[in-house]
Amino acid sequence: MTRLGIDYGGTKTKLMLVSDEGEIARDTVSTGGLRALGESVGNFLERAGATPASFALTVAGTLDPATGVVGHSANLPWLNGTAPAEVLSSSLGVPGVAVQDGEAAALAEARFGAGRGGDDVFVIALGTGIAGAHVVGGRVRRGAHGAAGEIGHMRTTQSEVVCSCGQRGCLETAIGGSQLADRWRDHGGAAGTGASAQDVVAAARAGDGAAVAALDDAAQALARALLDVCALIDPGLVVIGGGVARSPEWTVQPAVAAAGAAATFHRLPPIELATLGVWAGARGAAEAAAGVPSAVSRG
Ligand SMILES: [Zn+2]
């Protein structure tokens with residue numbers, strides 16, 4: 001059965017067609033409103049010469065999984081209060097669902113990326129925000145209220161830095177992309193406006209002591225989070241991806257070493273780097289499309 005995954009990003013949208021045998025076609029198009037997206041997807045399907053049985057569309061933001069209505073999307077604000085999969089479904093004539101973007105990427109990494117073959121995988125995305133997802137038997141465990149996996153908002157530092165969630169000392173305040181640059185500045189570093197995690201790593205490589213200190217704090221916070229995840233859910237494998245993990249020797253590797261040194265009763269599983277990169281969301285969406293009923297009443 002052919003399925004379409006749509007990773008609806010802030011500036012670029014990634015499209016991937018898959019069959020039961022694997023990938024058929026992929027393309028990247030500029031992100032526009034839902035009408036433009038419908039046109040881009042229609043053109044893509046025409047070029048690929050395929051009609052999918054179903055699709056799934058990622059949403060960067062909060063999503064009611066029961067209704068498919070977007071609560072709040074910071075990057076695609078025109079989606080707020082709409083059911084984008086329903087709109088796209090009527091323009092394409094193909095049934096579809098919306099899925100949360102982090103959940104789609106985690107699903108793909110767990111099933112086809114670094115977690116391939118694992119049955120119990122915890123996936124961590126270290127980006128501007130920090131996302132976590134526990135994938136068991138190929139399904140993301142969302143929790144009773146759809147609120148599970150918020151590893152970025154576990155208090156893993158002694159710092160009093162206030163997080164976007166209102167708490168203090170969350171993992172995200174230590175290792176979130178832009179936050180890492182703020183911590184570099186807190187240590188006396190010369191972080192310019194808009195400095196990124198990559199800038200902090202570049203400074204550390206050049207011998208900047210403040211950048212090294214900020215990265216060390218970040219690794220310690222991630223180590224604490226890894227130990228707490230192991231204490232709570234004892235996963236069979238942990239997969240770590242995202243922009244901040246792109247320089248693993250400064251982030252993931254020291255965190256894994258610190259977690260190993262601090263572990264007491266914990267059973268630390270293998271900890272692998274994500275392998276699917278920027279296509280994880282589209283691949284995971286194509287997978288989520290498999291769960292869409294092929295005959296949908298369109299009243
Ligand atoms: Zn927080």
Side-chain angles (χ1 to χ4, degrees), residues 74 102 106 122-134 143 147-205 207-235 238-269 271 273-274:
F122 195 84
V123 184
I124 302 172
L126 300 176
T128 304
I130 311 297
H134 190 198
E150 291 288 357
I151 187 173
H153 300 292
M154 284 165 46
R155 176 157 192 172
T156 56
T157 81
Q158 299 299 313
S159 98
E160 290 298 318
V161 175
V162 178
C163 181
S164 61
C165 73
Q167 299 189 111
R168 292 171 190 273
C170 292
L171 175 63
E172 195 165 301
T173 67
I175 202 169
S178 57
Q179 300 272 319
L180 192 51
D182 291 344
R183 301 295 83 75
W184 178 26
R185 201 175 290 115
D186 293 347
H187 276 287
T193 314
S196 68
Q198 272 66 38
D199 296 327
V200 184
V201 168
R205 279 204 181 103
D208 182 310
V212 171
L215 285 165
D216 187 48
D217 290 349
Q220 293 297 331
L222 180 57
R224 190 69 253 163
L226 288 170
L227 288 175
D228 290 350
V229 164
C230 292
L232 197 63
I233 62 170
D234 185 25
V238 173
V239 175
I240 305 180
V244 177
R246 251 177 250 149
S247 306
E249 70 277 24
W250 288 97
T251 53
V252 176
Q253 286 164 12
V256 171
T264 57
F265 67 92
H266 311 79
R267 300 291 305 270
L268 273 180
I271 298 173
L273 291 170

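Just so you know, these numbers come straight off a predicted model, no measurement behind them.
Here the shortest heavy-atom pairing between Leu180 and Ala214 reads CD1-O, 3.9 Å. In terms of heavy atoms, Ala245 sits closest to Val252 at CB-CG2, 3.9 Å. Looking at every heavy atom in both residues, Cys170 comes nearest to Cys165 through SG-SG, 3.7 Å.
When the shell of 6.0 Å around CD of Glu249 is examined, it contains more than 12 heavy atoms from other residues, nucleotides or ligands.
The salt bridge (Lys or Arg N to Asp or Glu O under 4.0 Å) check on Asp228 picks up Arg224, with sequence neighbours excluded. Applying the salt bridge (Lys or Arg N to Asp or Glu O under 4.0 Å) criterion to Asp186, with sequence neighbours excluded, gives Arg183. Partners of Asp208 by salt bridge (Lys or Arg N to Asp or Glu O under 4.0 Å), not counting sequence neighbours: none found.
One distance of note links CZ of Phe122 with CG of Leu226; it measures 9.5 Å at 0.5 Å rounding. Annotation: the span from His134 atom NE2 to Leu232 atom CG amounts to 9.5 Å, rounded to 0.5 Å. Interatomic distance, Arg267 CZ to Asp234 CG, rounded to the nearest 0.5 Å: 7.0 Å. Taking CG of Leu126 as the start and CD1 of Ile151 as the end, the distance is 8.0 Å to the nearest 0.5 Å. We find the OG1-CD1 distance between Thr251 and Ile240 to be 8.0 Å, quoted to the nearest 0.5 Å. For the atom pair OG1 of Thr156 and CD of Glu172, the computed distance is 10.5 Å after rounding to the nearest 0.5 Å.
Side-chain atoms of Arg168 do not come within 3.5 Å of backbone N or O of Arg155 as any donor-acceptor pair. Judged by distance alone, with hydrogens and angles left aside, the side-chain atoms of Thr173 form no donor-acceptor pair with the main-chain N or O of Val161 at under 3.5 Å. Between the Gln220 side chain and the Ala258 main chain, no donor and acceptor come within less than 3.5 Å of each other. Judged by distance alone, with hydrogens and angles left aside, the side-chain atoms of Asp199 form a donor-acceptor pair with the main-chain N or O of Ser196 at under 3.5 Å. Distance alone, capped at 3.5 Å, is enough to place a donor-acceptor pair between the Gln198 side chain and the Gly243 backbone.
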